[in-house]
Amino acid sequence: MISSKMKESIKNGSAIRKMFEEGNRLKKIYGADNVYDFSIGNPDLEPPKEVRDALIDISSSDIPGMHGYMSNSGYESTRKVIADRRSAESGLDIGPEAVCMTVGAAAAMNDVLHSLLDPGDEVIVLAPYFMEYNSYIANHNGKVVIVNTDDKFMPHTEDIAAAITSRTKAIIINTPNNPSGVIYSETFLSELNSLLKSQDHVIQVISDEPYIDLVYDGLSVPCALKYIDDLVICFSWSKSLSLPGERIGYTLVSPGNRDFEDLTQAIVLSNRTLGSVNAPAIWQRVIERAIDAKVDVSDYEKRRDLLYSNIVDAGFDSVKPSGALYIFMNTPEGMSDEAFADKCASHNLLLVKGASFAKPGYCRLAFCVSESTIRNSRKAFFAIAKELGIPHRSSL
Ligand SMILES: Cc1ncc(COP(=O)(O)O)c(C=O)c1O
């Protein structure tokens with residue numbers, strides 16, 4: 001008999017995955033061209049050529065022991081390349097001992113939370129947020145404490161201060177954010193640091209950064225290492241190099257972190273004992289060689305612009321995202337996100353309701369889908385707006 005905790009989790013399931021399955025079902029009935037599936041953030045650009053070349057080269061070479069175990073934190077040479085890059089970006093002196101290679105950001109977050117949490121410890125999350133955090137925190141017997149953001153999805157330190165208790169162990173930040181695509185400012189990061197440093201116990205900032213390289217309009221994401229001392233980064237190449245199935249990422253503890261020694265050791269031990277043991281060997285070597293590779297972000301920017309135009313031209317409202325792969329649009333006035341998602345599904349347009357990110361009143365659309373899907377969906381947005389009596393802002 002499975003545990004009651006798992007029974008509950010299975011019942012709740014993942015709304016995003018359910019939508020994904022629904023998309024596949026509808027595509028079988030109506031044909032792929034007639035279903036506008038914006039439900040899942042599966043990057044559809046192919047990995048850059050440098051990555052594929054490095055993979056071919058490494059897999060056909062015969063480096064002795066290249067398929068063997070290595071240190072649980074990963075190859076030192078790979079960790080050094082990452083540490084050097086982060087040193088250059090932050091101006092800090094970061095060594096390879098700060099880095100632990102992981103099985104993507106999901107494993108990185110689990111390693112960090114396992115290292116930090118005693119049963120009942122609290123972790124602050126900023127709504128809207130990636131709901132898998134709930135499972136990651138529950139895995140290590142922690143308690144989720146939700147702090148809301150404003151109508152532009154920006155967090156405020158006064159609200160965070162009000163949520164801090166003697167049991168607060170960490171706060172998770174995710175910028176650019178899934179689902180809103182907003183980037184948190186330097187001012188927010190430095191105010192957050194001052195707030196946390198003024199507490200009488202250490203509160204770690206876990207910066208979940210899978211979207212840090214996916215930014216648009218010539219913007220850049222403030223480097224959390226420059227502003228926050230008690231920081232641990234969870235990074236992954238799932239989105240930035242389109243490698244989500246390969247499972248490669250890392251944790252990096254800031255050299256300014258007051259718990260640096262304990263935390264780096266605990267993360268490496270967690271990586272082993274939680275079952276990853278170490279990150280995939282070949283992918284560590286690929287990353288080491290292709291550290292400067294990038295997917296063409298302008299492709300995503302073009303798709304964001306097209307999808308955003310569909311939404312606002314049809315008459316709906318939305319904040320324009322500056323990064324990541326999603327648009328978090330407002331649901332029409334007086335309509336629940338559930339009812340709006342159902343209405344959209346009746347036009348074969350699939351999106352994820354905001355309640356799945358602890359922010360009802362909005363719906364998330366992933367724009368990492370083909371340009372033709374986005375173009376074809378325009379008529380569906382217009383038809384939905386018309387049915388709801390919402391005036392268009394532009395012609396079809
Ligand atoms: C905000 C956020 N964090 C973490 C992850 C997990 O990423 P990974 O594939 O690296 O485990 C995702 C994946 O969608 C995400 O959106």
Side-chain angles (χ1 to χ4, degrees), residues 14-20 38-45 47 51 74 82 99-114 123-139 144 146 149 153 155 170-184 205-215 221 224 232-252 267 270-271 274-276 279-280 283-284 286-287 295 300 321-328 352 354 356-359 364-369:
S14 156
I16 300 177
R17 286 276 157 187
K18 271 187 206 146
M19 268 294 175
F20 184 59
F38 298 113
S39 61
I40 199 160
N42 197 3
D44 71 324
L45 298 182
V51 170
I82 293 163
V99 180
C100 176
M101 302 305 295
T102 64
V103 179
M109 304 273 300
N110 275 282
D111 289 348
V112 172
L113 291 163
H114 191 65
V123 180
I124 295 176
V125 292
L126 304 170
Y129 66 94
F130 179 54
M131 278 294 235
E132 294 286 295
Y133 295 161
N134 288 356
S135 309
Y136 304 162
I137 294 165
N139 285 345
V144 177
I146 300 176
T149 57
F153 310 120
I171 172 168
I172 299 174
I173 58 169
N174 169 225
T175 165
N177 178 263
N178 174 9
S180 70
V182 303
I183 297 173
Y184 298 163
V205 177
I206 303 173
S207 181
D208 179 28
E209 303 190 349
Y211 300 100
I212 204 137
D213 294 322
L214 302 183
V215 278
V221 183
V232 51
I233 288 172
C234 295
F235 179 84
S236 136
W237 284 277
S238 288
K239 316 285 171 170
S240 63
L241 290 182
S242 288
L243 296 171
E246 301 301 349
R247 317 304 304 137
I248 183 78
Y250 64 81
T251 59
L252 186 151
I267 288 171
S270 302
N271 205 32
L274 290 177
S276 303
W283 284 99
Q284 292 190 48
V286 172
I287 291 298
V295 290
Y300 285 138
S322 303
L325 297 170
Y326 315 100
I327 295 181
F328 204 47
V352 185
S356 301
F357 305 92
K359 192 88 170 170
R364 190 194 79 171
L365 300 98
F367 53 80
C368 42
V369 298

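Counting starts at 1 for both ligands and their atoms, in listed order. Treat the numbers as computed from the prediction; the structure is a model and nothing was measured.
Contacts with ligand 1 closer than 4.0 Å are made by no heavy atom of M109, backbone or side chain. Proximity of S238 to ligand 1, defined as any heavy-atom pair under 4.0 Å, is confined to the side chain (atoms from C-beta onward). Contacts between E132 and ligand 1 below 4.0 angstrom, taking non-hydrogen atoms only, are absent altogether. If you look at Y133 next to ligand 1, the close heavy atoms, those under 4.0 Å, all belong to the side chain. Residue-level proximity to ligand 1 for P244 is absent, since no heavy atom of it falls below 4.0 angstrom.
Here the protein heavy atom with the shortest distance to atom 5 (C) of ligand 1 is F130 CE2, 3.5 Å. Looking only at protein heavy atoms, the nearest one to atom 7 (O) of ligand 1 is A105 CB, 3.8 Å. The protein heavy atom nearest to atom 3 (N) of ligand 1 is D208 OD2, 2.5 Å.
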Self-check item: Stepwise ring-ring contact (aromatic ring centres under 6.0 Å, His included) test for Y300 and Y211
Solution: CA-CA 12 Å; Y300 285 138; Y211 300 100; 9.9 Å; no
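With ligand atoms numbered from 1 in the order given, ligand 1 contributes 8 (P), 9 (O), 11 (O) to contacts under 4.0 Å with heavy atoms of R247. Using a 4.0 Å cut-off to heavy atoms of K239, the atoms of ligand 1 that qualify are 13 (C), 14 (O). Set against the non-hydrogen atoms of Y211, the atoms of ligand 1 under 4.0 Å away are 1 (C), 14 (O), 15 (C), 16 (O). Those atoms of ligand 1 with a heavy atom of N174 less than 4.0 angstrom away are 1 (C).
Nearest heavy atom pair, residue I40 against residue C368, reads O-SG, 4.0 Å.
Here the side chain of T175 pairs a donor or acceptor atom with the backbone of Y184 at under 3.5 angstrom. Under a 3.5 Å cut-off, the side chain of N177 and the backbone N or O of V182 do not form any donor-acceptor pair. Judged by distance alone, with hydrogens and angles left aside, the side-chain atoms of N271 form no donor-acceptor pair with the main-chain N or O of S276 at under 3.5 Å. Judged by distance alone, with hydrogens and angles left aside, the side-chain atoms of T251 form no donor-acceptor pair with the main-chain N or O of I233 at under 3.5 Å. For S242 (side chain) and P43 (main-chain N/O), no donor-acceptor pair under 3.5 Å exists by modelled atom type.
Between atom OG of residue S180 and atom CD1 of residue I327 there is a gap of 11.5 Å, rounded to the nearest 0.5 Å.
Ring geometry for Y136 against Y133 counts as tilted: the plane angle lies between 30° and 60°, on a 0 to 90° scale.
Ligand 1 has a nitrogen or oxygen under 3.5 angstrom from a nitrogen or oxygen of N178.
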